[in-house]
Amino acid sequence: MPFDISKNTNYEAHKTAHRTNLCGQMDTSFVGREVSLCGWVNNRRDHGKLIFIDLRDFTGIVQLVFDPALNSEAYRLAKTCRAEYVLKITGTVNKRSPETINQDLKTGQIEVSVEAMQVLNSAKTPPFLLHEREKVEEMTRLRYRYMDLRTDQMQKNLRLRHHVTAQTRNYLNSKGFLEIETPILAKSTPEGARDFLVPSRLNPKKFYALPQSPQLFKQTLMFSGFDRVYQIARCFRDEDLRADRQPEFTQIDMEMTFVNADDIMATIEGLLAAVFKNSIGIDMQTPFEKMTWQQSMETYGTDKPDLRFGLPIQDLSSLFKDTGFKIFQKVLQKNGCIKCLACDSAHQFSRKDLDQLVEMAKSYGAGGLIWGKIDSNRDFQSPVSKFLGKNEIQAMVEQLRLKEGSLVLIVADNFKTTCNALGAIRKQLAQKLNLIREGFKPLWIYDFPLFEWDQKNNCLSPMHHPFTSPSPETISWLQDAPLKVKSQAYDIVLNGEEIGGGSMRIDDIAIQKQIFKLLNFTDPMIEQNFGFFIKSLEYGIPPHGGIALGLDRLVMILGSLTNIRDVIAFPKTQSAVCMLTDSPSGVTQRQLEEIHISLKEEE
RNA sequence: GGAGCUGUCGUCUAGUGGUUUAGGACACAUGCCUGUCACGCAUGAGAUCGCGGGUUCGAAUCCCGUCAGCUCCGCCA
């Protein structure tokens, strides 16, 4: 069930000098009582001698009635009211006559006959109708964010977000966690995303960096004996934006001492179960499903699979190992693989649809996409069928259990590209065929490779971060075959979104140094960037690990939304601009001089 | 860095080379209305079609460029 504002409001607490109650609170239990209410004019209906105003606050809408016979002054004022005027009224709650009850309104059983009114503020005509938010272009809503935020939807989203952070604090506090803040003006590090830099006025030519995450600080707090800490931490990464990525975002960031990965996962499962139960009333099954990285890539083509539908990727490499089909031959010679998706309802896919899927595969770097349909003669109708042997087709039909009307989509390329392309197409098919079931499907992905190969720089790079502990089972490969080493890292995935990730950390200085070496960090570089950290490892540090949840994404999923801008009060556009404040913007010459910066002329 | 989609009164949109003086709905203004509830009725105001070039007798419409928004690839330890 969706988040309900009324169930999460302490009405008594909102009593003030101006008002006795809230609008959405009004029901038949108030009949006969005099109340004072404050709010905005949602709508005015002027019948000449009788005026209705729908008064709105964050809890809902209540109908006010203005009758000149009751109070001519209030009636006269009501005539002048327009949408979004701010009112304070005092009146009596009356039961509506049966024929005037509005079933669509929570407060529709009653209305307030206004005896006194004060217009606290007037308003210009709003730039868009609040109840038409869904239709209004996002650009307009972001420009007038203060109006957008008045809408039911945004009120609900941000109140849900608050509820999630409140629940998080409650839960973690009860488990012995301390909330400790770490610096926002932090240190730039060479690894990972681009840093946002902040020049230092007091230290010419030097820069702080905004933290990409509080990683090293929270580990350091473990070294200091705080045992377990968390933080609702703002993080900054100067990378391109997406529907689920903003340059500044919020993590529920935590770290624990004397634990193993299972302890951390159990803690997160408890936290998420509490959050789901208390915010949207969903009971989550714990423990969550777990899957190795390898299995996830093989089966779903991604490390963040959406388990609300099946449609597994299947491997055809061995089936085609002796094929005469040149494309497959070449791929297999280069240690690539042949994988496919198979589904029913081939008739739903026009030639145009299939061409689009081919384009999609190409956009993910695949050489192409081979498609084929099983027709009524159980033949494989495909542009490439003439290149395939009869027995190969027969074997494929059997392995994939194809029947009339089956559609097969094959990608042959290197492992990563094949998975990537088919993973994306799998999601596309599920959407088109309406296979995505309602509900929430969390799972853990674990057993990640410790490193991946960076093609561009021709070196190893950490899959998670350089402080991730190798798994004991594979650590012996570190020197000779580092790409075979698995890490003690884990991601939590929900409905196809990565909502968090963490790891057990390295607590052995020798291993930490070895990893830095493997990553091609030179000694001076280590000293300069992680000097304090390496040094601290020498002073007795406990085994520790942690995790960070993406709060924005979590709330987005809880609210059944499709972009995180809708759960952020003041988000930025795809070009990282704030449409409300028009940041970023230029600064004065004087400001620049103070921070020892001169600007290059535009080329 | 790349691909795709979008841009017309305040808002949402119709319009795909010529009866377009750019139409409608909602919002807005004025007036009427005692039971409406995204009230109703009447009248009115409101857009040189994101911006700049080009093609054409003629451009909101076609072409090129550019800007902005969105989705995606790359990127995001």
> To the nearest 0.5 Å, what is the distance between CG (A/Asp152) and CZ (A/Arg133)?
Replying inline: 10.0 Å
> Who are the side-chain contact (heavy atoms from CB on, under 4.5 Å) partners of A/Asn457, not counting sequence neighbours?
Replying inline: A/Asp454, A/Cys459
>> Determine whether a donor-acceptor pair (one donor, one acceptor, N or O, separation below 3.5 Å) exists between the side chain of A/Arg96 and the base of B/rU36.
In response: yes
>> Nearest whole Å is fine: how far is B/rU6 C1' from A/Lys135 NZ?
In response: 18 Å
> How close or far is atom P of B/rG35 from atom CZ of A/Arg45, stated in whole angstroms?
Replying inline: 13 Å
>> Can you confirm whether or not the ring centre of A/Phe236 sits under 6.0 Å from the ring centre of A/Phe249?
In response: no
> Could you run down nucleotides 66-74 of chain B 5' to 3' and tag each one B, S or - for protein heavy-atom contact under 4.0 Å?
Replying inline: --SSBBSBB
> Is the distance between the ring centroids of A/Phe530 and A/Phe516 less than 6.0 Å?
Replying inline: yes
> Looking only at atom P, what distance separates B/rA47 and B/rA22, rounded to whole Å?
Replying inline: 11 Å
> CG of A/Asp148 versus P of B/rC12: gap in Å, rounded?
Replying inline: 12 Å
>> What is the separation between atom CD1 on A/Ile51 and atom P on B/rC32, rounded to the nearest whole Å?
In response: 12 Å
> To the nearest Å, how far apart are A/Asn102 CG and B/rG35 P?
Replying inline: 16 Å
> Can you tell me how far P in B/rU61 sits from the matching atom in B/rU56, rounded to whole Å?
Replying inline: 16 Å
> Just how far is it from atom NZ of A/Lys486 to atom CE of A/Met463, taken to the nearest 0.5 Å?
Replying inline: 9.0 Å
Which pairs would a plain distance check flag for residues 105-113 of chain A, meaning a side-chain donor or acceptor within less than 3.5 Å of a matching protein atom at least two apart in sequence or in another chain?
unit_1: A/Lys106; atom_1: NZ; unit_2: A/Thr59; atom_2: O; d: 3.4
unit_1: A/Thr107; atom_1: OG1; unit_2: A/Ile61; atom_2: O; d: 2.6
unit_1: A/Glu111; atom_1: OE1; unit_2: A/Gln63; atom_2: NE2; d: 3.0
unit_1: A/Ser113; atom_1: OG; unit_2: A/Asn94; atom_2: ND2; d: 2.8

>> Test of understanding: with ring-ring contact (aromatic ring centres under 6.0 Å, His included), list the residues that count as partners of A/Phe128, not counting sequence neighbours.
In response: none
> For A/Phe52 and B/rU36, is the gap between ring centres under 5.5 Å while the planes differ by less than 30°?
Replying inline: yes
> For atom P, what is the distance between B/rA27 and B/rU19, given to the nearest Å?
Replying inline: 31 Å
> Atom CG of A/Asp54 to atom P of B/rG35: distance rounded to whole Å?
Replying inline: 16 Å
>> Taking only the P atom of each, what is the distance from B/rC64 to B/rG4 in whole angstrom?
In response: 12 Å
>> If I take atom NE2 in residue A/His47 and atom P in nucleotide B/rG40, what distance separates them, rounded to the nearest angstrom?
In response: 9 Å
>> Categorize A/Glu111 for me: base, sugar-phosphate, or nothing, with a 4.0 angstrom heavy-atom threshold over every strand shown.
In response: base
>> Classify A/Met463 by what it touches in the nucleic acid, base, sugar-phosphate, or nothing, heavy-atom distance under 4.0 Å.
In response: sugar-phosphate
> Between atom CD in A/Glu99 and atom C1' in B/rU34, what is the gap in whole Å?
Replying inline: 13 Å
>> If I pick the P atom on B/rG24 and the same atom on B/rG69, what distance separates them, to the nearest angstrom?
In response: 33 Å
>> Over all strands shown, is A/Asp238 touching base, sugar-phosphate only, or nothing at heavy-atom distances under 4.0 angstrom?
In response: nothing
> Can you name the residues that form a salt bridge (charged side-chain N to carboxylate O under 4.0 Å, His left out) with A/Arg565, not counting sequence neighbours?
Replying inline: A/Glu138
> Taking the side chain of A/Glu239 as its heavy atoms from C-beta onward, which of B/rC75, B/rC37, B/rC33 lies nearest to it?
Replying inline: B/rC75
> Only one of A/Leu64, A/Val114, A/Asn42 forms a side chain to side chain contact (heavy atoms under 4.5 Å, CB included) with A/Leu55, so which one is it?
Replying inline: A/Leu64
For nucleotides 25-27 of chain B, print each protein N/O atom paired with a nucleotide N/O atom at under 3.5 Å, atom names and distance only.
none

> Under 4.0 Å between a Lys/Arg side-chain N and an Asp/Glu carboxylate O for A/Glu84 and A/Arg56?
Replying inline: yes
